[in-house]
J.: 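This structure is in structure tokens; I'll ask about it shortly.
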There are 2 protein chains.
Amino acid sequence: MVEKLDNVDLTILKILQNDSKKTTKEIAATLNMTVSPVYERIKRLENDGYIKKYVALLDKKLLNYPVTVICMVSLRYHNEGFIDKFEEQIKELPEVQECFHMAGKVDFFLKINMKSLDDYHDFVRVKLSNISNIGILESYFVLKEIKQSTEFVI
Amino acid sequence: MVEKLDNVDLTILKILQNDSKKTTKEIAATLNMTVSPVYERIKRLENDGYIKKYVALLDKKLLNYPVTVICMVSLRYHNEGFIDKFEEQIKELPEVQECFHMAGKVDFFLKINMKSLDDYHDFVRVKLSNISNIGILESYFVLKEIKQSTEFVI
DNA sequence: TATTTTAAAAGTAAAATTTTCTTTAAAATT
DNA sequence: AATTTTAAAGAAAATTTTACTTTTAAAATA
């Protein structure tokens, strides 16, 4: 099912990860092809899981979420059960946009979007404090977004 | 131009930031409206900048970019010119997916996607070493993505 | 070499959606 | 109360998506 991708597939992915509103007609034009094969390739890329989902990226500032925080979390206990539990609890928090389990002395990186510092204060006080296994919590505040992209196929 | 959003607008944004392939017809159905007003609201949200872009999110593992690294960078010199220069240089690197200027003793967070650890080694050796103003560089490797989302309007 | 098989591309047409334009209704303003 | 403004609804045209059929070309087999 999951076959190797050729250059046409990669070009399609590069286009769609930059602008998913491009029509198959437009994509076909840049590839010097007709719409049918391009359409079927896109469907295949979707069905095989290369394309996970299509989303709209919104403007944080305009929508009044100007505060971004990076949290570095170290757990108190590192047994398998505790790590899974922590991950499940983090997944339930809609404020946490990204969470990575890390190698090294820090266990988890969290990226959190907030409407205000007060909201972040409440988030730490109410939601994170509910997660009992957090040992060390360090918060880093974003002064400026230099680059924020979802692309990676070069 | 940039007016306040009502609940209908926010619902549209919530839907689109989760699945931008939803048709205006479908969105209108969940809102108990006809397509025309929904269509025009979406156009307004696009034109006013609330919706920045539409993208396809791809599968890192399937596309052979299994290595994610978080870099924490501290600059050697902190004059305004040096910081701007650093930001410009980072923007030019397609491997850097995210970059934030931080408050605190660490100056920048970088998120980087790679095909292999060898590629990361080359990236640090060739590309980052070209940026003369880097003082301290700490690399943290992602063991597992617990959560990776682009949503934030709750 | 000729024939068969296979896969990708191209062509076609119907269905669905997007887009534009006009009409209607409600709310706000004078 | 009349007028203006705004949002929604309706309708129709343009475009795109989708499914299906045919063609083409390359690979495999005899």
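Quick caveat, the model's predicted, so the values are computed rather than measured. Within every chain, numbering begins at 1; the chains are lettered A, B, ... in the order of the sequence lines, protein sequences first and strands thereafter.
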J.: Decide if the gap between the ring center of Tyr54(A) and the ring center of Tyr54(B) is smaller than 6.0 angstrom.
T.: no
J.: What is the per-nucleotide protein-contact pattern of nucleotides 7-18 of chain D, from the 5' end, where B denotes a base atom under 4.0 Å from a protein heavy atom, S denotes such proximity for sugar-phosphate atoms only, and - denotes neither?
T.: SSBBB----SSB
J.: Please identify which of these residues, Lys14(B), Lys53(B), Gln17(B), meets the side-chain contact (heavy atoms from CB on, under 4.5 Å) condition with Leu58(A).
T.: Gln17(B)
J.: For residues 113-135 of chain A, pull every pair meeting ring-ring contact (aromatic ring centres under 6.0 Å, His included), keeping only residues two or more places apart or in separate chains.
T.: Tyr120(A)-Phe141(A)
J.: How about CG on Leu10(B), more than 12 heavy atoms from neighbouring residues, nucleotides or ligands closer than 6.0 Å, or not?
T.: yes
J.: Got a sec, which pairs hit salt bridge (Lys or Arg N to Asp or Glu O under 4.0 Å) with one end in residues 54-70 of chain A, sequence neighbours left out?
T.: Lys60(A)-Glu145(A)
J.: List for me each residue that meets salt bridge (Lys or Arg N to Asp or Glu O under 4.0 Å) alongside Glu88(A), sequence neighbours excluded, and say none if there are none.
T.: Lys91(A)
J.: With sequence neighbours left out, write down each residue that passes ring pair (Phe, Tyr, Trp, His ring centres under 6.0 Å) with Tyr140(B), or none if nothing qualifies.
T.: Phe109(A)
J.: Are Ile27(A) and Leu16(A) packed together at the side-chain level, in the sense that at least one heavy-atom pair is separated by less than 4.5 angstrom?
T.: yes
J.: Quick one: Lys4(A) NZ to dA7(C) C1', roughly how many Å, whole number?
T.: 17 Å
J.: Tell me the bend of the helix from dT1(C)-dA30(D) to dT30(C)-dA1(D) as the angle between end helix axes, each from five pairs, rounded to the nearest 10 degrees.
T.: 20°
